[in-house]
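Written below as structure tokens is the structure these notes are about.
In what follows, chains are A, B, ... by sequence order, proteins preceding strands, each numbered from 1. These numbers come from the heavy atoms of this one structure, side chains and all, not from hydrogens, waters or symmetry mates.
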Number of protein chains: 2
Amino acid sequence: MRISARADYAVRAALMLAAKQDGPLKAEAIAEAQDIPHKFLEGILNDMRRGGLVASQRGVRGGYRLARPARDISVADVVRAVDGPLVSVRGVRPPELAYSGPAESLLPLWIALRANVRRILEGVSLADVASGHLPDFVGALAEDPAAWSNP
Amino acid sequence: MRISARADYAVRAALMLAAKQDGPLKAEAIAEAQDIPHKFLEGILNDMRRGGLVASQRGVRGGYRLARPARDISVADVVRAVDGPLVSVRGVRPPELAYSGPAESLLPLWIALRANVRRILEGVSLADVASGHLPDFVGALAEDPAAWSNP
DNA sequence: GAGATTTCCTATGTATTCGGTAGGGAAGTA
DNA sequence: TACTTCCCTACCGAATACATAGGAAATCTC
């Protein structure tokens with residue numbers, strides 16, 4: 001289960017926009033601040049615009065800004081805008097799967113996994129992350145030192 | 001975040017082995033029962049053998065069996081054996097990431113996400129799935145009808 | 001030991017995705 | 001007009017995903 005570069009970049013760009021509330025921010029400025037290839041980032045910002053997450057303005061005083069308050073955009077919104085469904089199995093979304101025999105209960109397991117990922121990514125807004133204050137039910141998970149070690 | 005075909009196939013194969021406790025099971029039999037390309041499955045079973053999850057026996061009475069009791073093998077064990085780390089961001093594991101500016105709290109978010117995925121996949125054994133009785137904290141997630149709908 | 005069976009190993013192949021680049025057109029501003 | 005910035009399309013190399021093929025090595029039965 002990997003978070004793609006696109007998704008990571010998209011969230012970081014969105015966080016930049018969430019932090020700067022006055023006036024638009026240029027793609028180039030975001031690219032430089034977050035060390036993201038700028039042409040690649042342009043495509044990502046475009047996806048977010050199509051997804052209704054950011055608004056853009058061309059010209060010399062142009063750039064990008066969030067289309068909604070940062071509090072109303074979840075990390076899941078951003079990831080979905082650039083990568084499609086949050087969780088898939090072999091490229092298909094869990095409800096479309098069919099298992100037989102001893103694997104029958106595998107489907108509810110994938111469903112539970114997806115529900116859990118959703119709970120996290122839909123429950124955290126850009127404002128939460130940008131402010132450095134994650135919701136308690138998320139922050140608690142990250143405070144466990146064991147969560148930081150690679151087994 | 002996608003579960004690869006390898007991982008899905010591997011878990012299903014492992015579940016077949018968990019269900020059949022008497023004697024080994026041939027790759028061909030598993031492939032047929034679970035509709036998995038049989039040569040592809042052979043490679044997957046081989047990875048699991050190298051990972052110490054299954055034992056193999058050649059010859060006419062040969063096949064594969066679990067190397068440990070099904071209760072002592074988690075789904076996470078299987079996924080790791082065939083796909084490496086459970087969760088990665090841009091191909092690197094979260095603790096190796098470095099973020100700056102408003103993205104600083106993104107790292108604990110990915111950590112929390114990973115911790116949650118671990119909680120599920122490490123907390124469920126092959127015996128749990130094969131018996132159709134998921135642990136309560138997982139089953140509860142799958143019982144919510146909302147978890148089954150695609151947004 | 002002969003022969004059948006099954007795992008094990010290596011090589012090959014193809015399609016897709018991933019991450020990134022390039023160039024220029026459209027729109028807005030001064 | 002000149003400049004800036006987003007927008008669009010195309011392309012590209014490498015890696016990955018998902019297999020398939022062919023045989024060598026081990027094991028069992030007879």
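- The shortest distance between side-chain heavy atoms of A/I111 and B/L141 does not fall below 4.5 Å.
- For DNA chain C, the span of nucleotides reached by chain B at under 4.0 Å from its heavy atoms goes, 5' to 3', from C/dT5 to C/dC9.
- Atom CG of B/D8 and atom P of D/dA17 are 14 Å apart (whole Å).
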Considering only distance and modelled atom types, tabulate donor-acceptor pairs under 3.5 Å from the side chains of residues 16-36 of chain B, sequence neighbours left out.
residue	atom	partner	partner atom	Å
B/K20	NZ	B/D22	O	3.4
B/Q34	OE1	B/R12	NE	3.1
B/Q34	NE2	A/S100	O	3.2

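- Residues passing the ring-ring contact (aromatic ring centres under 6.0 Å, His included) test with A/F40, sequence neighbours excluded: A/Y9.
- Listed by first and then second residue, the side-chain hydrogen bond (donor to acceptor under 3.5 Å, both in side chains) pairs involving residues 124-139 of chain A are A/S125-A/D128 (not counting sequence neighbours).
- To the nearest 0.5 Å, the span separating CD1 on A/I3 from CG on B/L113 amounts to 5.5 Å.
- Distance A/R2 CZ to D/dA15 P: 13 Å, rounded to the nearest Å.
- Each salt bridge (Lys or Arg N to Asp or Glu O under 4.0 Å) pair with one or both residues in residues 55-68 of chain A, not counting sequence neighbours, appears once here: A/R68-A/D77.
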Distances for protein N or O near nucleotides 8-14 of chain D N or O, under 3.5 Å:
residue	atom	partner	partner atom	Å
D/dC8	OP2	A/N46	OD1	3.4
D/dC8	OP2	A/R49	NH2	3.0

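- Near DNA chain C, meaning a heavy atom under 4.0 Å from it, residues 22-32 of chain A has no residue at all.
- Near DNA chain C, meaning a heavy atom under 4.0 Å away, there are no residues from residues 77-92 of chain A.
- Following chains of ILVMFWY side-chain contacts shorter than 4.5 Å, one can reach B/V117 starting from B/V92, so the two form part of one hydrophobic cluster.
- Using a 4.5 Å cut-off on side-chain heavy atoms (C-beta onward), B/L109 and A/V11 make no contact.
- Applying the salt bridge (Lys or Arg N to Asp or Glu O under 4.0 Å) test to every pair with at least one member in residues 96-115 of chain A, sequence neighbours left out, gives no pairs at all.
- Atom CG in A/L17 sits roughly 11 Å away from atom P in D/dC6 (whole-Å rounding).
- Residues satisfying the side-chain hydrogen bond (donor to acceptor under 3.5 Å, both in side chains) test with B/R49, not counting sequence neighbours, are B/N46.
- A/W148 contributes a side-chain N or O that, together with a main-chain N or O of A/A142, makes up a donor-acceptor pair within less than 3.5 Å.
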Check the pair A/V129 / A/L134 against side chain to side chain contact (heavy atoms under 4.5 Å, CB included), numbers first and verdict last. CA-CA 6 Å; A/V129 184; A/L134 299 177; 4.0 Å; yes
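- In this structure, A/S88 OG and A/L97 CG are separated by 9.0 Å, a value rounded to the nearest 0.5 Å.
- Near-neighbour residues of DNA chain C inside residues 53-67 of chain B, defined by a heavy atom below 4.0 Å, number-ordered: B/S56, B/Q57, B/R58, B/G59, B/V60, B/G63, B/Y64.
- Remark: A/R90 CZ is packed, more than 12 non-hydrogen atoms of other residues, nucleotides or ligands lying under 6.0 Å away.
- Among residues at least two apart or in separate chains, there is no ring-ring contact (aromatic ring centres under 6.0 Å, His included) pair with a member in residues 58-84 of chain B.
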